[in-house]
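In each ligand, atom 1 is the first atom listed, and ligand 1 is the first ligand listed. Values reported hereafter were calculated over all heavy atoms of this structure, with side chains retained and with hydrogens, waters and symmetry mates removed. For the single chain, residues carry numbers from 1 onward in sequence order.
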Amino acid sequence: MLKGIVKKTVGGFYYVKIPETGEVLECKARGKFKIKQKNILVGDFVEVAQKGVNTWIIEKICERKNSLKRPSVANVDKAIIVFSLKNPDVKLFMVDKFLVLSELNGIEPILCLNKIDIVEEEVIGRVAGVYKSVGYTIILTSAKENIGIEQLKDELKGCFSVFVGPSGVGKSTLLNRIQPGLKLKIGDLSKKIKRGKHTTTHVELLDLESGGCVFDTPGFSAMDVSCLKEAEVDVLFPEMREHKSNCRFRACLHYKEPQCGVKNAVKTGLIPENRYESYIRLLEEIKVSRRN
Ligand code: GDP
Ligand code: ZN
């Protein structure tokens with residue numbers, strides 16, 4: 001039995017890369033996966049066995065760290081959340097939504113503030129300061145001027161990543177800086193979503209020459225928060241976790257309740273105001289979506 005990684009699937013075939021030799025095997029799935037409706041996903045670690053000269057069968061899917069839907073991928077280690085403060089001016093609420101979704105899926109988020117060449121240093125410093133204080137990694141880049149690309153490459157080494165973020169922030173440009181000529185469907189996909197057409201996307205896990213692999217489509221969008229429940233949102237804000245124990249009520253939503261440890265921490269500056277505002281806005285969005 002050989003161990004490998006599913007790099008892409010096309011028409012019932014699975015292309016499995018064997019890390020030791022670098023070869024890619026064209027495999028079929030064992031029938032039992034189909035019977036149990038268990039899909040083999042791009043990103044899966046699998047075991048394959050040879051059944052003929054050029055016939056390989058996937059015998060086993062190893063336990064997944066996580067999996068995402070639309071498009072379905074498995075074992076995502078890091079989400080590179082790309083945003084910009086000009087052209088387009090991405091609202092921090094959207095950035096916080098992407099952070100929440102990363103936390104929810106057990107993916108380490110890495111913030112990438114791109115287009116720093118067109119924004120004042122002081123503004124960049126303020127935003128970066130907020131997210132550093134929460135404990136997140138933030139990389140400042142300019143894909144245009146080739147700034148921060150080495151740091152970004154280092155972050156991608158040794159893991160499977162997805163690039164997420166609204167369209168126009170520079171995801172494709174950044175990935176082309178990391179590796180010129182990388183086949184990307186990120187831009188295409190967002191255009192297709194905008195047009196509202198149903199398209200079957202076929203995902204691929206691409207190897208980077210500088211190390212690591214990147215899924216060639218975004219793993220999730222900021223719209224996906226509707227699955228959340230109000231009571232589980234606070235744990236997705238790491239800076240709130242340590243202050244929750246100071247709340248008078250155990251089921252405190254840190255909203256209108258009195259004697260709230262989280263609200264006190266906002267007042268004393270221990271929790272950034274914009275992060276708390278995002279939290280409240282998210283609670284309200286969830287409330288509204290439940291009513292509909
Ligand atoms: P995507 O939709 O996130 O993939 O964004 P693109 O990579 O297509 O970039 C959108 C636009 O922003 C393009 O016109 C890029 O040339 C431009 N762009 C990308 N990175 C930078 C940057 O660092 N600085 C500036 N000024 N423009 C950039
Ligand atoms: Zn509270």
Short N/O distance, under 3.5 Å, between [X] and ligand 1?
| X | result |
| --- | --- |
| Ile118 | no |
| Ala143 | yes |
| Thr141 | no |
| Asp117 | yes |

Requested in this report: Please report the closest heavy-atom contact between Lys65 and Gly106, naming both atoms and the distance.
Outcome: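 Scanning both residues completely, I find the closest heavy atoms to be CE-O, 3.9 Å.
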Report task. Find out whether Ser210 and Ile178 are in side-chain contact, i.e. whether some heavy atom of one side chain is under 4.5 Å from a heavy atom of the other. Result ->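 Touching, per the 4.5 Å side-chain cut-off.
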**Report entry** Side-chain touch Ile139/Ile80, heavy atoms, less than 4.5 angstrom
**Finding:**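 Result no, sub-4.5 Å side-chain heavy-atom pair not found.
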Query raised in the report: Between the side chains of Tyr279 and Asn274, is a donor N or O closer than 3.5 angstrom to an acceptor N or O?
Result: no
Query - Atom name of the N, O or S atom in His254 that lies nearest to the Zn ion (ligand 2) - result: ND1
Hey, can you pull the donor-acceptor pairs under 3.5 Å for the side chains in residues 41-54, sequence neighbours left out?
{"from": "Asp44", "atom 1": "OD1", "to": "Arg64", "atom 2": "NE", "distance (Å)": "2.8"}
{"from": "Asp44", "atom 1": "OD2", "to": "Leu41", "atom 2": "N", "distance (Å)": "2.7"}
{"from": "Asp44", "atom 1": "OD2", "to": "Arg64", "atom 2": "NE", "distance (Å)": "3.4"}
{"from": "Asp44", "atom 1": "OD2", "to": "Arg64", "atom 2": "NH2", "distance (Å)": "2.8"}
{"from": "Gln50", "atom 1": "NE2", "to": "Gly52", "atom 2": "O", "distance (Å)": "3.0"}
{"from": "Gln50", "atom 1": "NE2", "to": "Val53", "atom 2": "O", "distance (Å)": "3.0"}
{"from": "Lys51", "atom 1": "NZ", "to": "Glu59", "atom 2": "OE2", "distance (Å)": "3.3"}

Requested in this report: Look at His243 and state whether any of its N, O or S atoms is less than 2.8 Å from the Zn ion (ligand 2).
Outcome: no
Query raised in the report: Can you list the steps and then say if His243 with Asn264 is a side chain to side chain donor-acceptor pair (under 3.5 Å)?
Result: CA-CA 9 Å; His243 300 290; Asn264 280 339; over 6 Å; no
Query raised in the report: What part of Thr173 sits under 4.0 Å from ligand 1 if we count only heavy atoms: the side chain, the backbone, both or neither?
Result: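 Near ligand 1, Thr173 shows its backbone as well as its side chain.
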Report task. Give the contacting part of Val169 toward ligand 1: side chain, backbone, both or neither, where contact means a heavy-atom distance below 4.0 Å. Result ->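 For Val169, the contact with ligand 1 is made by both the backbone and the side chain.
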Against heavy atoms of [X], which atoms of ligand 1 measure under 4.0 Å?
| X | answer |
| --- | --- |
| Ser167 | 2 (O) |
| Ser142 | 23 (O) |
| Gly170 | 1 (P), 3 (O), 5 (O), 6 (P), 7 (O), 9 (O), 19 (C) |
| Lys171 | 1 (P), 3 (O), 4 (O), 5 (O), 7 (O) |

**Report entry** Identified side chain to side chain donor-acceptor pair (under 3.5 Å) counterpart of Thr141 within the set Asn146, Asn114, Asp117
**Finding:**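 Checked Asn146, Asn114, Asp117 against Thr141; only one passes side chain to side chain donor-acceptor pair (under 3.5 Å): Asn114.
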Query raised in the report: Which value, rounded to 10°, describes the SG(Cys260)-the Zn ion (ligand 2)-SG(Cys252) angle?
Result: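 For SG of Cys260 and SG of Cys252, the angle centred on the Zn ion (ligand 2) reads 110°.
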Query raised in the report: Does NZ or CZ of Lys8 fall inside the cone over Tyr15's six-membered ring, less than 6.0 Å from its centre and within 45° of the axis?
Result: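 Geometry flag: set, cation within 6.0 Å and 45°.
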Query raised in the report: Going through the distances and angles, do Tyr136 and Glu108 end up as a side chain to side chain donor-acceptor pair (under 3.5 Å)?
Result: CA-CA 9 Å; Tyr136 287 123; Glu108 183 189 349; over 6 Å; no
